[in-house]
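See structure below.
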Amino acid sequence: MSTLQERTRFEPAEVEPRIAERWFASGLHHPEPGGTPAENYSIAVPPPNVTGVLHMGHALNGSVQDTLIRYHRMKGVRTKWILGTDHAGIATQKQVERALIAEGTSREEIGREAFIQRVWEWREEYGGTIIEQYKRLGATCDYDDERFTLDDDYVRAVLKVFVDLYDQGLIYRDHYMVNWDPGSRSAISDLEVEDREVTDTLVHIAYPLEDGSGEVVVATVRPETMLADTAVAVHPDDERYRHLVGKTAVLPLVGRHLPIITDDYVKPEFGTGCLKITPGHDPNDFDIGRRHDLDEVSVIGEDGRMTSEAGPDYAGFTALEAREKVVAALEAEGRIRHQEPYTHEVPYSHRSGERIEPLISLQWFMAMDELAGPAIEAVRSGRVTIHPESQSRRYIEWLENIRPWCISRQLWWGHQIPVWYGDEEQTYVGIDPPQGAGWERDPDVLDTWFSSALWPFATLGWPKATPELRAFYPTDVLVTARDILFLWVARMVMMGLRFPGDIPFTDVYITSVIQAPDGRRMSKSLGTGIDPLDEIEAHGADGVRFGLLAMSSSQDVRYSAEKVRQGQALANKLFNAARYVLLNVSAATDPAPRPATVHDRWILSRLQEAKAQFDANIATFDFAKAALGLYDFVYGELCDWYLEFNKGREYDDDLSATMLYVLRETLLLAHPIIPFVTEELWSHVPGAEDLLAGQRATGADDALRDPDAEARVGAVIAAVTAVRSWREEAGVKPGAVLAARLDGLDGDAELAARMARLDLGGDGDLTAVVTFSGGAAEIRAGTLVDPAEEQRKRDAERERLRNEIARAESKLANEGFVAKAPEHLVAAEREKLERLRRELEQQ
RNA sequence: GGGCGCGUAGCUCAGUGGGAGAGCGCUCGCCUCACACGCGAGAGGUCGCUGGUUCGAGCCCAGCCGCGCCCACCA
C-alpha cells in the first residue's frame, strides 16, 4: 500500500513485465481438456507466419481475441486460445534463400535436404519472435501447447486429407493453365494474384490468308506470344468476317497454319474484332482452345524465357526481349498495321511482385464444387455467422463461383506431396512411402493454405480422437482480417465439414483494416507503418488495446493515436481512483454492496447498467462500444460523480464496503480490455487473492438496480451542472461558497449544494435563479454580480424557455403528431411542456 | 463491367424515424486534501447536393457529386 501512496501515475513500463510474468507463470492460460465444446470456449489464433513480426493487424486481432478469451474465462468457462505458427512456404523460403545468397551460395547449390535443414534452423532462431511479442500485448494464448504447421502430427493430418481427397477423386493432376510466378518459380493460386494497371502497346498484326485472298488483322499487347498461336477467332455473328470462317491463316515468322474459328468469347467491338488464339499463354485462349480442341503450344518456359519451341531466333531470350525482336521482325515483313498505347489491368504475383506468366503446367488441383456446397449452406443456415453480416454475401458469392484450386507449389519448404511415381508410370499415393525401389516422390509441396485450412482441428490432434479435440472442437469464434476470408476462412469451413464433420467455428469476426492516419495503407515500404511495440512502449499495452478496440468498426479505420491516449488516460484514471479508494477505506472491511446514501444506491445501479451494456456489446462483437462504454462509466459516473459525492464523507464500514465493492466490480469489468492496470490494482485490494485474470465475474444484478436513485441523483447532477455553469458565466470565484436555496431536490439538496459550493443555511438578497430540469436554485448572495448583466441573462433564459414552450405547443397542436405518433412520445411531450412552464414561472 | 461501403464539429469517428454526440484539438478558469496523462466551464455542425415518403428525416427511398474497397477472362 505504501507504494500506492507514492505513485500518482500508472507506469506501464514498470508494471507490465511484472504482471505478465505472473500470468504466464500461473498456467491459467492452459486448460486441461474436459467438458464439451458447447460448455467450453475456444479460439484458434490465425497462425502468424514464422517469418512474422507483430504488426498493427496482429495487435488488433490479438486485442479482440484476448478480450473475448479473458471475458469468457472470467465467466467461469473453460477457455482455450489455440496458439501456433504457420510455416508460410514462400515467405519463409525466400527469407532463407536471401540469407544463402548473402553467404555466396544458393539453395540449388546446397541441395534440398540441406536447404530444409537450414530453414528449420532459421525457424528455431527467429520463429518465436512473434509469440514473444504477443505476450507484450498481454495475450493469454495457450503458450503451453504451441503448434506449428510442420509438426509431425500436423504433417500427418495434412497428408491424410490429401490422400483421402485423392481417393475420393477430388484431388487430381492435370495439365492446366496456371498463374506462373516467375519470381518464386512456382504456380500460385488465383487468390494470390493481384491486378495492377499498366500501359502496354497494343499491336495490330496482319496474318495473311493461306489462299492469298487477303489477311486478318489481330490486336495484341503480347506480340511475343504469337509464336504460340494456334488459331484466329471471330464472333459467330460478326458479318464482317463471315466469309473468313473456315479459312486458314498463316502465322507470320512461324508459318503455322491457323484455322479461323468462331467463339462467343470474342468481342466484335474490341480492336479489329479478330482474336489471335494462344492456348499456351493466355487463360481465355486456353479455355477457347479446349473448347475447339486446338493445339497447345508453349513458347515461354518456367524461367520466363523463350523455349526452343519459339524457334532459334528467340529461344533463351526473356519474354520482353522476345517481344521487341518479334515486333521488329514483323515490321521488317510489313505485318504491323498499327500500334497504340493501351492501359489495362494485368495480373501480378502478390508474393513476389512479378508479372504473372500464364502457363500450361502439370499441377495438382482440388475440385471445389462438392466441398463448397455444404460450406455455403453452413453460412446460409446461420450455423456459422459472419460479422459484419455484409461479409457473408461475399463469402457465399465466392463459393458459388468457385473454381478448381491449384494446390501444388514448386517450392521445397512445405508439406511435400505424398505421391510417388514408379519406374513404369505407376503412381502411388499414401501417407507412408511405398515399399520397394524405384519410386520417386513428387518434388512439389502443397500450397500453404492447404495446411492452414485444417488449422482449427489439426492443432487439436485430429485425426486422432484426442481429449483436446473432444473438448474444444468446434471452436467458438474466428477473428481475422477480411483479405483472407476466401484464402483461409472459407477453406476451413469446407475442410471442417468434410473431415471432422462439423463447422470449425460458430462465429467469424472480421476486423477492420487499420490504415495509416492519413488514410493510406500501413506499409513498411511506404513508410506508413506504425509499430505496435513502439506504441506499447509509449502508451502501455492497456492503452494500445483500448485504443485499437475503440477504433474498431465494421469498416476500415484510420489509426487513431488519440484513442490510444484515451486508453492510456483511462488506465491512469482507474489507477488513481483505485488509489483514492484504497487509501481511504478501512482495511478490515470486506467488499460488499452496503448502500447508506442515495448516491451509493445510484452507483450500484449504474454499475449494473455498465455491466449489462458491456455484456451486450461483447455478445454482438461491438468492441468499440464496449471499450468506450467502460470509459464513460469510469470517468462520467464513478470518478466525476460518485467519488466526488463521497469527499468529506466519513469512511465508515458501510462506505468502505461499498467503495471496495464498486472498485472490485469495476476491475472485474474492465479487465478483459485493460488487463495490466486492473491486475496491478487487484493486488492491492484487501482480501483479493490470486490473479484477477482467474477471478469469476458476474453479470448485472437486477436487485441492485434502482430507478428511484437514478432519478434523484440525475436531478442532483442536473442541478450541480446548471449552477456550475452559471457560476462560471457570472465570474464567481471557484472557491466561493454562495448562500442559496434549492427547490425540487428534496432530501438531496445538501448533496447538490456541496458539489456546487452552495450554502443552504445562508441568506441574502436574491442574486439569480438558475433553473434545471426538475427544479431551480435561488442564489442569494446579494449583488455579487452585475445586476444588469444578470437581468440580461435571465431575459435570455426566459426567451429560450418561451421558444421551447412554443415549440412543444405547436407540436402538440399538430393533429398528425397527436394522432399518429406513439402514445408515450405524446405524453412525454406534454410532460415536457408542463415542466418548461414551471421553469418559466420560477425564473 | 458487376457488387459493397463511406461522406455528421478543425481532426478521427459514434449516432438507422421523435429536440445533433464522444475523444482529441481550441478558448476561459482552477496546483479543489486520487489523478495537471488532472478538474470545471465554453466556443464550434444549413449531418455531401437535389428531390421524394412521413405528423416528423442525420437516419427510409430515388437521382446526382466526391472517396474507398472487393470481385470479374475484353485481346
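Quick note on labels: first sequence line is chain A, next is B, and so on, each numbered from 1.
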For a quick check of understanding: with a heavy-atom distance under 4.0 Å over all strands, which category does [X] fall into, base, sugar-phosphate or nothing?
| X | answer |
| --- | --- |
| Lys832(A) | base |
| His344(A) | sugar-phosphate |
| Glu728(A) | base |
| Glu644(A) | base |
| Phe546(A) | nothing |
| Lys276(A) | nothing |
| Arg403(A) | sugar-phosphate |
| Arg579(A) | sugar-phosphate |
| Pro517(A) | nothing |
| Glu804(A) | base |
| Ser554(A) | nothing |
| Arg222(A) | nothing |
| Gln568(A) | base |

When rounded to the nearest Å, what value does the distance between [atom1] atoms of [N] and [M] take?
| N | M | atom1 | value |
| --- | --- | --- | --- |
| G48(B) | C13(B) | P | 15 Å |
| G21(B) | G45(B) | P | 14 Å |
| A43(B) | G10(B) | C1' | 12 Å |
| A20(B) | C47(B) | P | 11 Å |
| C31(B) | A36(B) | C1' | 7 Å |
| G40(B) | C24(B) | P | 12 Å |
| G17(B) | G25(B) | P | 34 Å |
| C49(B) | A57(B) | C1' | 16 Å |

Should the heavy atoms of other residues, nucleotides or ligands under 6.0 Å from OH of Tyr176(A) be counted, would the total exceed 12? no
Quick check on Glu269(A): does its CD atom have over 12 non-hydrogen neighbours (other residues, nucleotides or ligands) under 6.0 Å away?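 It does: Glu269(A) CD has more than 12 such atoms within range.
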Measuring from the side chain of Asn572(A) (C-beta onward, heavy atoms only), which nucleotide among C37(B), A41(B), A34(B) has the closest atom?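 Closest nucleotide among those given: C37(B).
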Using the side-chain heavy atoms of Ala569(A), tell me which of these nucleotides is nearest: C37(B), G29(B), A34(B). C37(B)
For [N], which nucleotide in any strand shown is its Watson-Crick or wobble partner with both distances under 3.5 Å?
| N | value |
| --- | --- |
| A22(B) | U12(B) |
| G17(B) | none |
| G7(B) | C65(B) |
| U46(B) | none |

Using whole Å, report how far [atom1] of [X] lies from [atom2] of [N].
| X | N | atom1 | atom2 | value |
| --- | --- | --- | --- | --- |
| Asp640(A) | G23(B) | CG | P | 10 Å |
| Arg196(A) | C70(B) | CZ | P | 13 Å |
| Tyr395(A) | C70(B) | OH | C1' | 17 Å |
| Glu389(A) | C4(B) | CD | P | 12 Å |
| Tyr265(A) | A72(B) | OH | P | 14 Å |
| Asn576(A) | A34(B) | CG | C1' | 5 Å |
| Phe486(A) | A72(B) | CZ | C1' | 12 Å |
| Gln515(A) | C11(B) | CD | P | 17 Å |

Does a side-chain N-to-carboxylate-O contact under 4.0 Å join [X] and [Y]?
| X | Y | result |
| --- | --- | --- |
| Asp285(A) | Lys276(A) | no |
| Glu11(A) | Arg9(A) | no |
| Glu799(A) | Arg802(A) | yes |

Looking at [X], does any N or O in its side chain come under 4.0 Å of the phosphate oxygens OP1/OP2 on [N]?
| X | N | value |
| --- | --- | --- |
| Arg565(A) | C37(B) | no |
| Lys267(A) | C73(B) | no |
| Lys733(A) | C30(B) | no |
| Arg394(A) | C69(B) | no |

All salt bridge (charged side-chain N to carboxylate O under 4.0 Å, His left out) counterparts of Glu296(A), not counting sequence neighbours: Arg290(A)
In terms of the nearest nucleotide of RNA chain B, which residue is placed more toward the 5' end: Glu815(A) or Arg757(A)? Arg757(A)
On RNA chain B, does the nearest nucleotide to Tyr342(A) precede the nearest nucleotide to Ser553(A) from the 5' side, or the other way round? Give the residue. Ser553(A)
Before we go on, tell me: are the rings of His344(A) and Tyr342(A) under 6.0 Å apart, centre to centre? yes
Give me the ring orientation class for His338(A) and His204(A): parallel if the planes are under 30° apart, tilted from 30 to 60°, perpendicular past 60°. perpendicular
